[in-house]
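Everything on this sheet refers to the single structure shown next.
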Amino acid sequence: QAQLVESGGGSAQAGGSLRLSCAASIDFSSNTCMEWFRQAPGKEREAVAAIKAMQGYTYYGDSVKGRFSISLSRDKYKNTLYLQMNSLKPEDTAMYYCAAGRDYSDGVGCANINYWGLGTLVTISS
């Protein structure tokens, strides 16, 4: 059964860094796409960063370009999606969700999402 489990959330000061992890128990294919989303209280869900799993193509939302970096580590025993977040701002405060699906598209991220994690909370103070 597919499962995505996020970790690494917490509190940080503005200007600081955090790294989120997502342990992914899914089947990978040449079309697999993984993505980080976030949702702040009272706001719509926002696509943060996406990666085409096998090829390494990446997409970033405008609000995080140059500050966040998405990567995927795969080996025989486990698959982990990361989101390295630097130069954090109070407006980065949100619940962050790991997602997996297919059909990576430049400028969009993952066009189809099949699985979601439960989320990890990030709080940035000024």
Side-chain angles (χ1 to χ4, degrees):
Q1 183 174 352
Q3 189 175 30
L4 301 172
V5 180
E6 301 96 336
S7 61
S11 299
Q13 296 277 345
S17 298
L18 285 173
R19 188 175 78 159
L20 305 184
S21 300
C22 172
S25 300
I26 61 172
D27 291 329
F28 282 84
S29 73
S30 61
N31 200 24
T32 297
C33 183
M34 297 194 73
E35 190 156 1
W36 288 98
F37 290 86
R38 68 185 181 186
Q39 188 164 20
K43 294 189 177 181
E44 292 187 356
R45 186 174 62 205
E46 176 187 12
V48 176
I51 186 167
K52 188 170 186 180
M54 296 298 191
Q55 293 79 7
Y57 303 147
T58 57
Y59 159 83
Y60 294 94
D62 289 341
S63 62
V64 306
K65 281 180 182 176
R67 300 188 298 121
F68 290 12
S69 177
I70 188 171
S71 61
L72 177 64
S73 173
R74 298 186 63 221
D75 62 30
K76 182 178 179 181
Y77 303 103
K78 65 179 181 178
N79 307 297
T80 308
L81 182 71
Y82 297 100
L83 184 68
Q84 178 65 43
M85 306 187 295
N86 300 325
S87 302
L88 285 162
K89 304 175 181 180
E91 50 264 44
D92 294 319
T93 295
M95 185 71 80
Y96 283 72
Y97 298 92
C98 173
R102 54 187 173 83
D103 302 327
Y104 173 88
S105 177
D106 287 336
V108 174
C110 303
N112 293 286
I113 297 294
N114 302 113
Y115 307 108
W116 292 90
L118 296 179
T120 185
L121 182 63
V122 171
T123 304
I124 308 303
S125 57
S126 57

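Just so it is clear, the values below take in all heavy atoms, side chains as well, and ignore hydrogens, waters and symmetry mates. Positions are given from 1, in the same order as the sequence printed here. Owing to the predicted nature of the structure, the values given are computational and were not obtained by experimental measurement.
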Shortest non-hydrogen contact from A50 toward G109: CB-CA, 3.6 Å

Closest non-hydrogen atom pair, C110 against I113: CB-CD1, 3.6 Å

To the nearest 0.5 angstrom, please state how far the CD1 atom of I51 sits from the SG atom of C33. 9.0 Å

So how far is it from Y115 OH to M34 CE, rounded to the nearest 0.5 Å? 11.5 Å

Provide the closest heavy-atom pair for V122 versus L18 in the form atom of the first, atom of the second, distance. CG1-CD1, 3.9 Å

In this structure, would L72 and Y59 fall into the same cluster of hydrophobic residues linked by side-chain contacts under 4.5 Å? no

For residues F37 and A47, report the shortest heavy-atom separation together with the two atoms involved. CD2-CA, 3.7 Å

Can you spot which of E91, K89, R38 makes a side chain to side chain donor-acceptor pair (under 3.5 Å) with S63? R38

Side chains of E6 and Y96 in contact at under 4.5 Å (non-hydrogen atoms): no

Taking side-chain contact (heavy atoms from CB on, under 4.5 Å) as the definition, give me every residue that meets it alongside K65, ordered by chain and number, with sequence neighbours left out. Y60, D62

Tell me, do L83 and F68 make a side-chain contact under 4.5 Å, heavy atoms counted? yes

Does the W116 side chain pair with the main chain of L4, one donor and one acceptor, at a distance under 3.5 Å? no

Here the pair of heavy atoms bringing S17 nearest to S87 is OG-N, 4.4 Å

Roughly how far apart are N31 CG and N112 CG, rounded to 0.5 Å? 8.5 Å

May I ask you to check whether over 12 heavy atoms, not counting those of D75, lie within 6.0 Å of atom CG? yes

Decide if atom CG of L121 counts as having more than 12 heavy atoms of other residues, nucleotides or ligands within a radius under 6.0 Å. yes

Y97 six-ring centre to R45 NZ/CZ under 6.0 Å and within 45° of normal: no

OG1-CE distance between T123 and M95, expressed to the nearest 0.5 angstrom: 9.0 Å

Min side-chain heavy-atom separation Y104-M54 under 4.5 Å: no

Roughly how far, to the nearest 0.5 Å, is OG1 of T80 from CZ of R74? 11.0 Å

Rounded at 0.5 Å granularity, tell me how far CG in L81 sits from CD in E35. 10.0 Å

Kindly check if the number of other-residue, nucleotide or ligand heavy atoms within 6.0 Å of CZ (F28) is above 12? yes

What heavy-atom pair brings L20 and G9 nearest, and what distance separates the two atoms? CD2-N, 3.6 Å

Taking the side chain as C-beta and beyond, is there a heavy-atom pair between M85 and D92 under 4.5 Å? no

